Amino acid sequence: EDQVTQSPEALRLQEGESSSLNCSYTVSGLRGLFWYRQDPGKGPEFLFTLYSAGEEKEKERLKATLTKKESFLHITAPKPEDSATYLCAVQGSYNFNKFYFGSGTKLNVKP
Amino acid sequence: GAVVSQHPSRVICKSGTSVKIECRSLDFQATTMFWYRQFPKQSLMLMATSNEGSKATYEQGVEKDKFLINHASLTLSTLTVTSAHPEDSSFYICSAPSGETQYFGPGTRLLVL
């Protein structure tokens, strides 16, 4: 069964304190792994898509990496405005319309 | 990126009434759209896949007679919560694929009194 597990559930950082969020997955043929940011009371905002092991993508203070079993979202020198819940989702090759979401990591960056 | 809108953003209704939520793809066409439900502090749960020109596909455990889905055009899908009850109170989010990516609407907060 396709499954996504994110850790930690919650993460509190001081402004400027770099860290990483983890997304472990099990899927029958990975078509894509997606990272989203969700602010309270809003829909998820697309950040990155990764397709194959070894791939990396960056956007401002965020960098996403992918291996055959997990993905990391690295946050470098975070700012309070980076506070949000970060969601990971996988898309399998056999049912490519269906996204399997993890439960998310709630990030709180203190000034 | 592609833009998906939802209306209304927030709705309060009495128990037993029906509520319609609209999902629109604003700058692209979508033959398929998805409806999710999200409970507080939990992740998104896929409810159903909306298909333009054909019946929606519901996930296991989702009552199709309670959550009516109509994909009226290539840019519009509607979710109607029929005879709503307090346990239907939740955050409902739609999404539509553009290219390889799913783009999400801003969500609709439903409160059933």
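As a basis for the values below, the full set of heavy atoms in this structure was taken, side chains included, without hydrogen atoms, waters or symmetry mates. Because the structure is predicted, anything quoted here is derived from the model rather than measured. Letters A, B, ... are given to chains in the order of the sequence lines, protein chains preceding strands, and every chain is numbered from 1.
For A/Arg61, the CZ atom counts as densely surrounded, since its 6.0 Å shell holds more than 12 non-hydrogen atoms of other residues, nucleotides or ligands. Annotation for B/His7: atom NE2 does not count as buried by contact number, only 12 or fewer foreign heavy atoms lying within 6.0 Å. In this structure, A/Lys57 places its NZ atom where more than 12 heavy-atom neighbours from other residues, nucleotides or ligands lie under 6.0 Å away.
Side-chain heavy atoms closer than 4.5 Å link hydrophobic residues (I, L, V, M, F, W, Y) into clusters, and following such links, possibly through other members, connects B/Ile69 to B/Ile21. Placement of B/Leu76 and B/Val19 in two distinct hydrophobic clusters is found when ILVMFWY residues are connected by side-chain heavy-atom separations under 4.5 Å, directly or transitively. There is no path of hydrophobic side-chain contacts, each under 4.5 Å, that joins B/Val112 to B/Phe91. Both A/Leu21 and A/Phe48 are assigned to one and the same hydrophobic cluster, defined by single-linkage of ILVMFWY side chains at heavy-atom distances under 4.5 Å. Criterion: ILVMFWY side-chain heavy atoms under 4.5 Å apart, direct or through other members. Under it, A/Val90 and A/Trp35 are part of a common hydrophobic cluster.
B/Gln6 does not touch chain A: none of its heavy atoms, backbone or side chain, sits under 4.5 Å away. Contact annotation for A/Phe101: both backbone and side-chain heavy atoms come within less than 4.5 Å of a heavy atom of chain B. With a 4.5 angstrom heavy-atom cutoff, B/Thr49 does not touch chain A via any of its atoms.
When the candidates B/Val4, B/Thr32, B/Leu44 are compared by the number of heavy-atom contacts under 4.5 Å with chain A, B/Leu44 comes out ahead. Among the candidates A/Gly102, A/Gly32, A/Pro40, the residue making the largest number of heavy-atom pairs closer than 4.5 Å to chain B is A/Gly102. By number of non-hydrogen pairs under 4.5 angstrom with chain B, the leading residue of A/Gly43, A/Pro44, A/Gly104 is A/Pro44.
Distance alone, capped at 3.5 Å, places no donor-acceptor pair between the A/Ser103 side chain and the B/Ser43 backbone.
The two atoms that bring A/Phe99 and B/Gln102 nearest to each other are CZ-CG, 3.1 Å, heavy atoms only. Scanning all heavy atoms of the two residues, the minimum distance from A/Tyr51 to B/Glu100 falls at OH-CB, 3.1 Å.
A distance of 4.5 Å separates OH in A/Tyr36 from CZ in B/Phe104, rounded to the nearest 0.5 Å.
Remark: the A/Gln38 side chain and the B/Gln38 side chain contain an N/O donor-acceptor pair separated by less than 3.5 Å.
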